[in-house]
Amino acid sequence: MSENINLGIFAHVDAGKTTLTEQFLFSAGVVRSAGNVDSGTTQTDYTEIERSRRISVRAASAQFTYKGVNINLIDTPGHMDFSSEVERTLRVIDCAVLVVSAVEGIQARTEIVWDALAARKTPTIVFINKLDRAGASFSETLDALRGFSDAMLPFTKVCGEGLPGFSISPVSGDELAENLALTSESLMDKFLSSELKGRTLLNELRGSVARRGTIPVFAGSAAMGIGTRELLDAVTELMPRASGDPNAGLAALVYKVEHDKTMGRLCHVRLFSGSLSNRDAVTVNGETAKISQIRRVTGGKRADMGTVSAGEIAALCGIGAKAGDILGDESLVPRPTNLTEPLLNVKLTTSSEDFSKLTEAVHELTEEDPLLRAFWVREKRELTLSVTGTIQLEIIESLLKTRFGLDVKFGTPSVIYRETPAQSGYGFDAYTMPKPCWAVLKFLIEPLPRGSGVEYSSIVENNKIFYRYQSQVEQAIPTALRQGPSGWEVTDLRITLVDGNHHTIHTHPLDFTVATPMAIMNGLASLGTLMLEPVLKFRLTVPEDALGKILGELVNIRAEFEMCSSRKGRCRIEGVYPVSSSADFPGFVTRATGGKGVLSAVFDGYRDCPQELCQKTEYRGISPLDRAKYILWVRKALTDPEMHL
């Protein structure tokens, strides 16, 4: 069986990861010359939107063989709006290359990705890019990286960075051995006895990289093809191979879905266990379908494979999966990493004759991106999208027009708030009419610190509420918290089922599913809720002569910040600011600094919002507080036909 390396390439936007991917493909002989982002000739930015806008929108695969090793590379988007692509990629790779610009240095997105890789213990190599650009500094960038980890180990020496004629050279084996020896007593003993060299040094480096005891640092210019082959050599020599038993049961993750005009739905999967072949049957979301074709994908090019085994990546045709679905044994698939949340709501409208086409188009897009959430209010024939940012909105608008032929009007985006209980207390409901039904519930509801999420537990015994009914209660909790009294998702709370009862004759199997949202909403309405607003963590570098204007505007948008450093006439500011008041801030920075300011921002969670500034939203559907109507709606007994369109 061939060796496979599943490699992800990550970076802040514009750091050069797609250009680096092109150099890898060129070194492997896949292309005759490396493509260029500006000219729209890259393999992994292959869609019309990506080439016209010169940004990566979707995670893109590239598969090639280099020095006898099959490398499955995934080039990920660098923009925050497309973080869901990064989240799913993190689950399917075994190792990573993190690209950092030697000009801009460590940016907010770099930190987010680094933290995610560290949390997942993903073996990582760092590539310091753009050393040919004016203002590039290898040493300063390396120092900043060492703020992440003391395990950073340079494999490259740099001379004359920032100049067109800069050069790189490899760090000698003796220097690598000496630096590696500092990480443990056993390695120091080998170094002092002159054993840490040749094959022994390589094996020790491999082991250290695999456990993240060493983070190799390479450097160069992807645009000029300098240092990129050395980096690819290191990936092949140092990175761990994919593992998994091809003869065991199936375990696979669908990390990406495309819709092809010819082949239909393409489900990109990573197999962690087992094997699949053409015509094999797989079960997805309770439905069984046969795989019509298995394809190897490089950008927009596809080739038939016929089979795919544990450790490999491929695209399956003929199955109805959506991004994020798991095939087979879920326990063998790594858990997800959450990097962002939808931050904006926007209403979509189109002509009445195109409305059904719009709902079908949006459904297709949500299958490709689970973070793109759609809410169809049937009573009002309204479609609302929850998205991560304005760039994503622009991409969706373009897709609806070019891919689906739809002219859609977008309303003004509004910020997505959240709610949390204002105090501790109880929620109660006795659902005993109209018969047959019986479900009595009492919950203790308690607020939790920011960022805690939702905790649920039960102290009720089986003789009061059968455990099988309590399972219904737990499954209904997410639905109950989807919208609170102010219309927003409820978070940062603990819910404990403390009392209640069932009836041996009158209880219907789904009664507790109906009663749970009513009891919790009753509790939240009586306790009151506080509004929470999303905030972004930012890093801003500006000329000193623009500092006054920038600081004044940061105060205006309710930012919390601090001055971090000042060097060569430029000041660096870091902090957080609310999404709701900062929509125009990037443009302000550009105007105030004459285009010389560098701003990066990433989602940083939710915090308390000044209640007078927060906005309630209309409840979508029938609220559990409208108890009689809600019961009829859930039981599909409303006489108004519009309620069930």
Side-chain angles (χ1 to χ4, degrees), residues 3-8 27 66-69 71 93-100 102 105-106 110-111 114-115 117-129 131 136-161 166-220 226-243:
E3 292 183 322
N4 287 278
I5 293 177
N6 296 315
L7 174 72
S27 296
Y66 184 74
K67 293 188 174 180
V69 179
I71 298 179
I93 61 169
D94 302 300
C95 51
V97 169
L98 179 62
V99 183
V100 179
I106 305 299
T110 316
E111 294 186 43
W114 171 264
D115 289 345
L117 293 170
R120 301 187 75 90
K121 300 180 180 179
T122 304
T124 303
I125 295 177
V126 176
F127 182 69
I128 299 177
N129 192 26
L131 286 171
S137 175
F138 174 75
S139 60
E140 289 183 11
T141 307
L142 180 60
D143 286 344
L145 287 166
R146 283 176 169 152
F148 286 161
S149 171
D150 293 333
M152 298 288 172
L153 180 57
F155 276 58
T156 306
K157 294 179 179 179
V158 179
C159 180
E161 68 263 45
F166 88 96
S167 63
I168 63 170
S169 59
V171 171
S172 69
D174 289 341
E175 289 177 277
L176 288 175
E178 183 177 357
N179 288 323
L180 184 64
L182 297 174
T183 63
S184 75
E185 290 185 11
S186 61
L187 289 174
M188 180 58 74
D189 291 340
K190 288 185 178 181
F191 175 71
L192 293 175
S193 61
S194 300
E195 296 177 43
L196 199 57
K197 59 179 60 178
R199 178 59 60 178
T200 300
L201 175 60
L202 179 59
N203 289 336
E204 293 291 355
L205 281 170
R206 284 174 174 169
S208 186
V209 169
R211 60 179 179 272
R212 286 181 63 90
T214 294
I215 308 295
V217 180
F218 285 78
I226 297 175
T228 55
R229 188 177 290 270
E230 291 84 348
L231 175 62
L232 184 55
D233 286 339
V235 167
T236 307
E237 293 172 354
L238 300 177
M239 288 304 204
R241 274 48 176 170
S243 60

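These numbers were taken from a predicted model, which means no experiment stands behind them.
Note that CE of Met239 and CD1 of Ile5 are 8.0 Å apart. Values are rounded to the nearest 0.5 Å. Ile71 CD1 to Tyr66 OH: the interatomic distance, rounded to the nearest 0.5 Å, is 8.5 Å. Distance CG/Leu201 to CZ/Phe191: 10.0 Å, rounded to 0.5 Å. Note: Asn129 CG to Leu131 CG = 7.5 Å, rounded to the nearest 0.5 Å. Rounded to the nearest 0.5 angstrom, Ile125 CD1 and Cys95 SG are separated by 7.5 Å. Residue Trp114 holds its CH2 atom at 9.5 Å from CD1 of Ile106, rounded to the nearest 0.5 Å.
In this structure a side-chain-to-backbone donor-acceptor pair under 3.5 Å is missing from Glu161 to Ala136.
The number of heavy-atom neighbours closer than 6.0 Å to CG of Asp150, taken from other residues, nucleotides and ligands shown, is 12 or below.
Ala242 pairs by the side-chain contact (heavy atoms from CB on, under 4.5 Å) definition with Asn4, Asn6, Asp94, Arg270, not counting sequence neighbours. Evaluation of the side-chain contact (heavy atoms from CB on, under 4.5 Å) rule for Ser184 yields Ser186, Leu187 as partners, not counting sequence neighbours. The salt bridge (Lys or Arg N to Asp or Glu O under 4.0 Å) check on Arg241 picks up Glu3, with sequence neighbours excluded. Residues passing the salt bridge (Lys or Arg N to Asp or Glu O under 4.0 Å) test with Lys157 are Glu175, sequence neighbours excluded. When the salt bridge (Lys or Arg N to Asp or Glu O under 4.0 Å) test is applied to Glu178, no partner is found at least two apart in sequence or on another chain. Listed by chain and residue number, nothing satisfies the side-chain hydrogen bond (donor to acceptor under 3.5 Å, both in side chains) test with Lys197 (two or more places apart in sequence, or in another chain). Considering only residues two or more places apart in sequence or on other chains, Asn179 meets the side-chain contact (heavy atoms from CB on, under 4.5 Å) condition with Leu153, Leu182. For Glu204, the side-chain hydrogen bond (donor to acceptor under 3.5 Å, both in side chains) partners at least two apart in sequence or on another chain are Lys190. Residues that satisfy the side-chain hydrogen bond (donor to acceptor under 3.5 Å, both in side chains) test with Asp143, not counting sequence neighbours, are absent from this structure. Qualifying side-chain contact (heavy atoms from CB on, under 4.5 Å) partners for Pro170, counting only residues two or more places apart in sequence or in other chains: none. Looking at residues two or more places apart in sequence or on another chain, you find a side-chain hydrogen bond (donor to acceptor under 3.5 Å, both in side chains) between Ser193 and Glu195.
In this structure the side chain of Ile226 reaches within 4.5 angstrom of the side chain of Phe166, judged on heavy atoms. Annotation: side chain of Glu230 is not in contact with side chain of Phe155 (no heavy-atom distance under 4.5 Å). Contact of the Thr200 side chain with the Asn203 side chain is not registered, since no non-hydrogen atoms from C-beta on lie closer than 4.5 Å. Counting heavy atoms from C-beta outward, Leu7 and Val97 have side chains that approach closer than 4.5 Å. With contacts defined as side-chain heavy-atom distances shorter than 4.5 Å, the pair Val99/Ile128 does not qualify.
Note: Phe218 and Phe127 fail the aromatic proximity criterion, with ring centroids not under 6.0 Å apart.
The shortest heavy-atom contact between Pro154 and Leu142 is CG-CD2, 3.6 Å. Taking each heavy atom of Ile168 and Ala219 in turn, the nearest pair found is CD1-O, 3.7 Å.
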Would you tabulate the side-chain donor-acceptor contacts of residues 205-217 under 3.5 Å, counting partners in other chains and residues two or more places apart, or write 'none'?
unit_1: Arg206; atom_1: NE; unit_2: Glu237; atom_2: O; d: 2.6
unit_1: Arg206; atom_1: NH2; unit_2: Glu237; atom_2: O; d: 3.3
unit_1: Ser208; atom_1: OG; unit_2: Thr214; atom_2: N; d: 3.2
unit_1: Ser208; atom_1: OG; unit_2: Thr214; atom_2: OG1; d: 2.6
unit_1: Arg211; atom_1: NH1; unit_2: Gly207; atom_2: O; d: 3.1
unit_1: Arg212; atom_1: NH1; unit_2: Thr122; atom_2: O; d: 2.6
unit_1: Arg212; atom_1: NH1; unit_2: Thr124; atom_2: OG1; d: 3.0

Decide yes or no on side chain to side chain contact (heavy atoms under 4.5 Å, CB included) for Thr156 and Leu231, but give the supporting numbers first. CA-CA 10 Å; Thr156 306; Leu231 175 62; over 6 Å; no
